[in-house]
Amino acid sequence: MKIDKDILAYVSSEKRESSIVEGTEGTTIGERFSFEEYMVTTEKHPYAEDNTEEAFGIITTGIEPLEITESGATITGYINTERRKDVRLGTYVIVPYGEEDLFARIWKMQYKQEFVVDDATEIHSRRMLRSNTTDEVDYKFLAYLDPICILYPRGKGLARRMSDRIPRPNTSILPVKDKTKIQTGLNIPGEGIFLGHLSVGGEVVKTHAVPPTVPYYLRNDYSIGDPLVFRHMLVCGSTGTGKTFLTKNILRQFMAEENRYNVRGTSARKNPCLVVLDPQDEYSQMLEDNPELTAHDEFSFRSEKIDLGGCVNTRTFVAKVDGQSYNGRSRAQQMEFTIPFEMVRNNSWLMAPVGMTDLQYQGVELLLDDFFKKAGDHTYDRFLEHISDDLTRDNYVQSGKVHEASYDGIVRRVRDRSLSRVFDQPARPIDQMLEEIIRPGQVSVFPTEYISNSRIRDLITLTLMTIIVDNKLSTKLNTPGETAVKETPIILALDEAHRYLASTSGEHSRRIVSKFAEAARQGRKEALGLCLITQDPQDIDDTVFKQVNTRIILNLTNDAAIGALKVKKEYEKRIPYLKKGQMIVHSPDNSDMVEIMGLQSCVVKHI
């Protein structure tokens with residue numbers, strides 16, 4: 001018999017000399033050699049948990065060394081074969097330290113060969129195409145973790161801090177099944193305005209709690225500053241992605257009876273007034289319950305503090321327009337109004353929808369200023385008579401105040417049929433209806449779909465924006481209506497916001513945007529919250545856009561729109577693939593950036 005010298009290395013020299021003799025071929029290895037006995041330890045890993053059967057795998061150093069620095073980390077996990085189907089990019093995990101936990105997300109996944117095989121050959125490819133006998137155990141499945149924070153006990157709850165500890169090799173990588181750990185790890189408030197349920201890759205995250213979902217709330221109290229609604233909100237997504245459906249569900253939460261906000265300069269707390277500028281005639285349905293909701297839906301909603309059902313204090317305010325009448329969906333009380341030309345006195349940009357050049361706009365401001373200094377009624381018809389008078393024309397042209405071509409252009413623009421159809425119509429002036437429009441706990445909807453002329457629609461929208469913004473910023477309140485605007489918390493929902501707050505070169509547009517940006521900056525102080533709804537966020541002026549703290553992003557395919565939102569790269573790539581109801585929430589003062597799923601049912605009527 002020929003003895004392997006490597007085996008002999010394990011045998012003492014004395015044993016080796018005495019044991020290897022002729023005729024021992026029939027003896028066992030154990031009889032011929034004395035090996036050191038290896039004892040398998042039963043000691044429990046210091047950070048092991050009782051639920052290791054649920055573990056995805058373990059922390060490994062076999063591929064790359066574990067590393068954590070102030071600028072990043074390298075933490076690699078080996079995923080067991082039976083759990084590989086459950087792991088997704090973005091999956092949240094826990095790595096226990098004992099009393100503390102590392103809260104992390106999977107940012108990269110990788111297969112590596114278990115055995116060295118050249119599988120990039122023609123023969124191997126054809127063999128696998130005919131009969132793929134590959135087994136999961138033939139490959140290492142690796143998950144790379146991005147540490148988010150360390151969770152540690154504080155008092156009776158949990159707190160989080162930056163990731164300042166490195167996990168021990170071979171520690172379990174566990175799914176997060178504790179709702180409190182997820183909410184603390186992502187800094188999600190435990191209550192507030194419900195937006196949706198936490199999800200990963202379009203699948204709602206489930207825990208061991210009842211109910212198992214993780215609700216995502218927007219902070220709505222004064223515990224660490226003003227409610228975030230007054231830091232403003234943006235809902236953006238391509239046409240057909242469910243912006244209106246989602247926005248109805250969100251706005252309905254603000255109208256809960258117990259939801260009240262502080263009023264500046266007083267000790268009063270009031271319900272907000274929701275004002276909706278509605279170009280598609282969809283929000284007046286907030287009056288009505290959703291007849292399709294089941295008893296199970298209602299039970300589920302209430303268990304997560306989701307308000308549902310119609311807002312009984314819903315009113316529809318309809319602009320009186322010559323030749324047009326509203327026959328829309330609203331079953332709410334309807335009130336007609338007109339826009340008095342007197343409002344143009346301090347808001348010359350209300351003439352903007354007729355499309356003047358900068359020179360014409362400067363000229364019309366001079367004409368309006370002189371007109372309003374005259375005695376008598378200041379109506380649209382009288383202003384048209386004023387500028388159509390030849391003596392008036394000669395006065396402005398010959399004095400050089402207005403160029404001849406510009407003056408004639410102004411007259412043509414002011415004669416625009418759209419202005420005569422909307423100013424000074426036989427209805428109550430809107431500035432005399434403010435006490436009825438702005439009421440705590442009321443939803444005031446202004447539909448414009450029934451108006452075929454886009455210039456008239458824009459004029460009505462600009463008028464409403466002007467009334468609210470001017471009175472919120474004003475320090476002089478002359479009427480009870482102006483006081484109502486000033487002293488009532490207001491949420492202004494502006495659909496198609498890009499049409500009115502766009503970055504343009506025109507002087508009148510710059511003034512509109514400037515005033516609206518100032519209102520946005522004063523929102524926290526004046527209890528004015530903006531909810532901007534758009535499919536073109538890139539068109540909203542930067543001075544307004546920068547004031548928006550909460551950005552709710554649905555599916556977008558426009559690269560310019562996606563780039564304008566300035567979200568993390570890993571989320572930016574997902575935006576074109578978001579399903580209906582799936583969204584990304586970027587709200588730095590509320591939580592880490594997350595993906596959530598909205599409700600599958602609308603809490604109010606939606607057609």
Side-chain angles (χ1 to χ4, degrees), residues 189 192-196 216-222 224-237 243-244 246-255 259 261-264 272-278 283 438 461 464-473 485-486 488-503 512-554 561 564-567 583-591 593:
I193 298 298
F194 177 86
L195 300 187
Y216 183 91
Y217 296 112
L218 186 71
R219 186 170 56 78
N220 194 46
D221 57 31
Y222 293 87
I224 53 173
D226 294 301
L228 290 181
V229 64
F230 301 128
R231 296 288 304 278
H232 318 305
M233 180 188 307
L234 171 76
V235 179
C236 59
K243 292 191 299 295
T244 304
L246 170 66
T247 306
K248 278 185 177 181
N249 279 342
I250 295 173
L251 294 178
R252 175 61 184 86
Q253 306 312 303
F254 288 107
M255 303 313 294
N259 185 38
Y261 299 112
N262 297 340
V263 177
R264 184 187 176 198
C273 176
L274 172 61
V275 179
V276 185
L277 306 181
D278 183 9
Y283 290 91
I438 306 298
T461 301
L464 264 297
M465 291 166 60
T466 297
I467 284 176
I468 292 173
V469 168
D470 280 352
N471 287 300
K472 273 296 185 186
L473 298 179
V485 176
K486 184 76 171 179
T488 302
I490 296 175
I491 300 171
L492 175 60
L494 178 60
D495 208 342
E496 296 186 0
H498 57 279
R499 288 180 57 86
Y500 310 105
L501 301 175
S503 302
I512 296 169
V513 169
S514 175
K515 177 161 281 197
F516 213 73
E518 179 61 23
R521 280 190 287 270
Q522 299 292 331
R524 286 178 293 171
K525 185 169 66 175
E526 301 293 350
L528 172 63
L530 307 179
C531 178
L532 309 180
I533 307 152
T534 180
Q535 61 263 31
D536 295 312
Q538 74 279 11
D539 290 341
I540 295 177
D541 189 86
D542 234 20
T543 55
V544 176
F545 200 80
K546 288 177 180 177
Q547 304 300 319
V548 177
N549 184 266
T550 301
R551 300 172 187 180
I552 301 171
I553 307 160
L554 292 92
L565 296 167
K566 295 180 174 59
V567 299
M583 69 203 86
I584 290 165
V585 179
H586 180 29
S587 185
D589 289 348
N590 192 64
S591 73
M593 192 178 300

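FYI, the numbering just counts along the sequence from 1.
Atom OG1 of T461 and atom OH of Y500 lie 3.5 Å apart (nearest 0.5 Å). With rounding to the nearest 0.5 angstrom, the NZ atom of K472 is 14.5 Å from the CD atom of E518. Summarising the geometry, atom CD belonging to Q253 is positioned 9.5 Å from atom CG belonging to N259; distances are rounded to the nearest 0.5 Å. Note: E526 CD to R264 CZ = 4.5 Å, rounded to the nearest 0.5 Å. Atoms CG and CG, from L530 and L501 in turn, are 8.5 Å apart once rounded to the nearest 0.5 Å. One finds the NZ atom of K243 at 9.0 Å from the CD atom of E496 (value rounded to the nearest 0.5 Å).
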Could you walk me through whether F545 and L565 pass side chain to side chain contact (heavy atoms under 4.5 Å, CB included), step by step? CA-CA 9 Å; F545 200 80; L565 296 167; 4.0 Å; yes

Applying side chain to side chain contact (heavy atoms under 4.5 Å, CB included) to I540 and L234, what does each step give before you reach the verdict? CA-CA 11 Å; I540 295 177; L234 171 76; 4.1 Å; yes

Please lay out, stage by stage, how M233 and L218 fare under the test side chain to side chain contact (heavy atoms under 4.5 Å, CB included). CA-CA 11 Å; M233 180 188 307; L218 186 71; 3.8 Å; yes

Take M593 and I584 through the test side chain to side chain contact (heavy atoms under 4.5 Å, CB included) and record every step on the way to the result. CA-CA 7 Å; M593 192 178 300; I584 290 165; 4.0 Å; yes

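Looking only at side-chain heavy atoms (C-beta outward), F254 and L274 stay at 4.5 Å or farther from each other. Inter-residue side-chain proximity for C531 and I533 is flagged as met; some heavy-atom pair is nearer than 4.5 Å. Looking at heavy atoms from C-beta onward, L277 lies in side-chain contact with M465 at the 4.5 angstrom threshold. Looking at heavy atoms from C-beta onward, K566 lies out of side-chain contact with H586 at the 4.5 angstrom threshold. Taking 4.5 Å as the limit, some side-chain heavy atom of R219 sits within range of a side-chain heavy atom of I224. In this structure, the side chains of Q538 and H498 stay at 4.5 Å or more apart for every pair of heavy atoms. Counting heavy atoms from C-beta on, the side chains of I468 and I490 come closer than 4.5 Å.
Residue K486 comes nearest to L473 through the heavy atom pair NZ-C, 4.2 Å, listed as atom of the first residue, atom of the second, then distance. Nearest heavy-atom pair across I438 and C273 is CA-SG, 3.8 Å. For the pair I467 and V485, the tightest heavy-atom approach, listed with the atom from each and the gap, is O-CG1, 4.5 Å. Here the shortest heavy-atom pairing between A517 and T543 reads CB-OG1, 3.8 Å. Nearest approach of N590 to Y217, heavy atoms of both residues: ND2-O, 3.0 Å. What you find for L528 and A519 is that their closest heavy atoms are CD2-CB, 4.0 Å.
Evaluation of the salt bridge (charged side-chain N to carboxylate O under 4.0 Å, His left out) rule for R231 yields D589 as partners, not counting sequence neighbours. Applying the salt bridge (charged side-chain N to carboxylate O under 4.0 Å, His left out) criterion to D221, with sequence neighbours excluded, gives no partner residue.
Under the 3.5 Å distance criterion, the side-chain polar atoms of Y222 are matched with a main-chain donor or acceptor of N262. A distance-only check finds a donor-acceptor pair linking the side chain of D278 to the backbone of Y283 [under 3.5 Å].
The existence of a salt bridge linking K515 and D470 is confirmed by a sub-4.0 Å separation between a basic side-chain nitrogen and an acidic carboxylate oxygen.
Between the side chains of N220 and Y261, at least one donor N or O sits under 3.5 Å from an acceptor N or O.
The one candidate from V469, L532, V275 that meets the side chain to side chain contact (heavy atoms under 4.5 Å, CB included) condition with L492 is V275.
No more than 12 heavy atoms of other residues, nucleotides or ligands shown are found within 6.0 angstrom of CZ on R524.
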